[in-house]
Peer 1: 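Please find one structure pasted underneath; my questions will follow.
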Amino acid sequence: MTSTLTVPERTRPPRRADGRRPFPLARHSVALARRSLTKTLRTPEQLLDVTMQPVLFIVMFVYLLGGAVAGSTHAYLQFLLPGLMVMNVLFASVQTGINLNDDIKKGVFDRFRSMPIARSAPLIGSVLGDVIRFVVTIVVQLGFGYAVGFRIGTDPLSALAACLLVMAFAFCLSWVFVLIGMLVREPGAVQGIGFMALFPLTFGTNVLVPADTLPGWLHAWVDVNPVTQAMEASRGLMVEGPVAAPVLATALWGAGILAVAFPLAVRAYRRRA
């Protein structure tokens, strides 16, 4: 005679009135986020861009422009790195749309559709799993920056807040690239469109030079650019400068982008997958 081992009912999540477990979308999304994270860790070459690009950007900009812009490489590094962190994390967010487009093209999401899971869970789980790219970018950026002379001018908690704010803003913007990934047919097209959109957003800021030195028409664009607010918030939290206004503006911009891009991306995903 065989017996079946069952989990006591009290250890299970409470059921709803219809007998189903609560919040299936959240549970399924977290499970698939772990899958995405495991996949990334088993193929570390996928992180090559987020490990090399921050180093290359620091070396190129600091040692090519530092003396001309700030008079010394150390002063320019202190000015540049907080804004450069925002730039690199935003470029890392493009890969989310590329990966999703590639998975759909290969039929991975067709397998998910045959499973008893929430329909949007694979999409949300993949985006959550790609947050590891933001973490790696920031760690490499700060680690190499510290090695060549960057120092936090505020305190560790403020610096941590800057990193979390940048990651949250990039997560919101990544849904724009998810939407692009759902609308175009090739992963290469996602990369091309994403980079074309990010260049004016990231370089059309005060990341390389103070906004006061820019011509009037470009200064006007810098003032309304949401990425400028994120860079100002990062500088204020990590080095010095205003904090409350740019942090609030960054949070509002991120919430607005998420409110528009998320439902559109989910709708496009359901149509395609």
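It should be emphasised that the depicted structure is a prediction, and the values quoted were computed from it without experimental measurement.
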Peer 1: Show which residues join Leu248 in its hydrophobic cluster (side-chain heavy-atom contacts under 4.5 Å, direct or indirect), or state none.
Peer 2: Leu252
Peer 1: Is the shortest side-chain heavy-atom distance between Val207 and Thr202 below 4.5 Å?
Peer 2: no
Peer 1: With the side chain counted from C-beta on, respond yes when Ile104 and Met182 share a heavy-atom pair under 4.5 Å apart, and no when they do not.
Peer 2: yes
Peer 1: For Cys163 versus Met85, what's the shortest heavy-atom pair and its separation?
Peer 2: SG-SD, 4.2 Å
Peer 1: Side-chain heavy atoms under 4.5 Å apart, restricted to Ile/Leu/Val/Met/Phe/Trp/Tyr: what other residues fall into the cluster of Leu160, or is it alone?
Peer 2: Leu164
Peer 1: Restricting to pairs with a member in residues 166-181, which pass salt bridge (Lys or Arg N to Asp or Glu O under 4.0 Å), not counting sequence neighbours?
Peer 2: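 Listed once each, the pairs would be none.
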Peer 1: So, using side-chain contact (heavy atoms from CB on, under 4.5 Å) as the criterion, who are the partners of Pro226 when residues are at least two apart?
Peer 2: Phe169, Trp253
Peer 1: Any chain of hydrophobic side-chain contacts (each under 4.5 Å) joining Met60 to Val55?
Peer 2: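 Yes, one cluster joins them.
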Peer 1: Please test Phe177 against Leu198 for side-chain contact (heavy atoms from CB on, under 4.5 Å), starting from the C-alpha separation and ending with a verdict.
Peer 2: CA-CA 10 Å; Phe177 304 118; Leu198 276 181; 3.7 Å; yes
Peer 1: For residues Ala159 and Ile152, report the shortest heavy-atom separation together with the two atoms involved.
Peer 2: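 Minimum heavy-atom contact is CB-CD1, 3.5 Å.
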Peer 1: Taking side-chain contact (heavy atoms from CB on, under 4.5 Å) as the definition, give me every residue that meets it alongside Arg267, ordered by chain and number, with sequence neighbours left out.
Peer 2: Arg271
Peer 1: Are Thr154 and Leu237 packed together at the side-chain level, in the sense that at least one heavy-atom pair is separated by less than 4.5 angstrom?
Peer 2: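 The answer is no, as the side chains (C-beta and beyond) never meet within the 4.5 Å cut-off.
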Peer 1: Return the set of residues passing salt bridge (Lys or Arg N to Asp or Glu O under 4.0 Å) with Asp155 (not counting sequence neighbours), or none when no residue passes.
Peer 2: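 Not a single residue meets the salt bridge (Lys or Arg N to Asp or Glu O under 4.0 Å) criterion with Asp155.
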Peer 1: For the residue pair Leu123 and Ala265, what are the closest heavy atoms and their distance?
Peer 2: CD2-O, 4.2 Å
Peer 1: Given 3.5 Å as the limit, does a donor-acceptor pair link the side chain of Arg235 with the main chain of Gly83, or not?
Peer 2: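 No, Arg235 side chain to Gly83 backbone: no donor-acceptor pair under 3.5 Å.
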Peer 1: Kindly work out whether a path of hydrophobic side-chain contacts (I/L/V/M/F/W/Y, heavy atoms less than 4.5 Å apart) joins Val184 to Leu179.
Peer 2: no
Peer 1: Report yes or no: does Tyr63 contribute a side-chain atom to a donor-acceptor pair with the main-chain N or O of Ile58 at less than 3.5 Å?
Peer 2: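 A pair under 3.5 Å: no.
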Peer 1: With side-chain contact (heavy atoms from CB on, under 4.5 Å) as the criterion, how do Ile257 and Val260 come out once you've worked through the C-alpha distance, each side chain's angles and the decisive distance to 0.1 Å?
Peer 2: CA-CA 5 Å; Ile257 293 171; Val260 174; over 6 Å; no
Peer 1: Please set out all donor-acceptor pairs under 3.5 angstrom arising from side-chain atoms of residues 131-149, sequence neighbours excluded.
Peer 2:
from	atom 1	to	atom 2	distance (Å)
Arg133	NE	Ala92	O	3.4
Arg133	NH1	Gln46	O	2.9
Arg133	NH2	Asp49	OD1	3.2
Arg133	NH2	Asp49	OD2	2.5
Thr137	OG1	Arg133	O	2.8
Gln141	OE1	Asn88	ND2	2.6

Peer 1: Output every pair passing side chain to side chain donor-acceptor pair (under 3.5 Å) with a member in residues 121-130, not counting sequence neighbours, ordered by first then second residue.
Peer 2: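 The answer is Thr96-Asp130.
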Peer 1: Filter on salt bridge (Lys or Arg N to Asp or Glu O under 4.0 Å), then keep only pairs touching residues 248-264, sequence neighbours left out; what's left?
Peer 2: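 Output for this query is empty, none listed.
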Peer 1: Tell me, please, which residues at least two apart from Gln78 pass side-chain contact (heavy atoms from CB on, under 4.5 Å).
Peer 2: His74, Phe150, Arg151, Val239
Peer 1: Using only atom types and a distance under 3.5 Å, with no angle test, would you say the side chain of Ser174 pairs donor to acceptor with the backbone of Phe171?
Peer 2: yes
Peer 1: Is there side-chain contact between Thr213 and His219, with at least one heavy-atom pair below 4.5 Å?
Peer 2: no
Peer 1: Per the salt bridge (Lys or Arg N to Asp or Glu O under 4.0 Å) rule, what does the pair list look like for residues 185-200, sequence neighbours excluded?
Peer 2: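 Matches after skipping sequence neighbours: Lys105-Glu186.
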Peer 1: What's the verdict on side-chain contact (heavy atoms from CB on, under 4.5 Å) for Trp221 and Leu201, showing C-alpha distance, side-chain angles and the deciding distance?
Peer 2: CA-CA 9 Å; Trp221 164 246; Leu201 283 173; 4.1 Å; yes
Peer 1: Is there side-chain contact between Phe61 and Thr73, with at least one heavy-atom pair below 4.5 Å?
Peer 2: no
Peer 1: From the options Val222, Thr205, Asn206, Thr250, select the one residue that forms a side-chain contact (heavy atoms from CB on, under 4.5 Å) with Val227.
Peer 2: Thr205
Peer 1: List for me each residue that meets ring pair (Phe, Tyr, Trp, His ring centres under 6.0 Å) alongside Phe203, sequence neighbours excluded, and say none if there are none.
Peer 2: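 Phe199.
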Peer 1: Taking the side chain as C-beta and beyond, is there a heavy-atom pair between Phe57 and Leu81 under 4.5 Å?
Peer 2: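 With C-beta onward as the side chain, the pair stays apart.
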Peer 1: Specify the closest pair of heavy atoms between Ala268 and Leu183, including all atoms of both residues, with the distance to one decimal.
Peer 2: CB-CD2, 4.1 Å
Peer 1: So which heavy atom on Met238 is nearest to which on Ala162, and how close?
Peer 2: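 That closest heavy-atom pairing would be CG-CB, 3.5 Å.
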Peer 1: Looking only at heavy atoms, which two atoms of Pro246 and Ala233 are closest? And how far apart?
Peer 2: CB-N, 3.6 Å
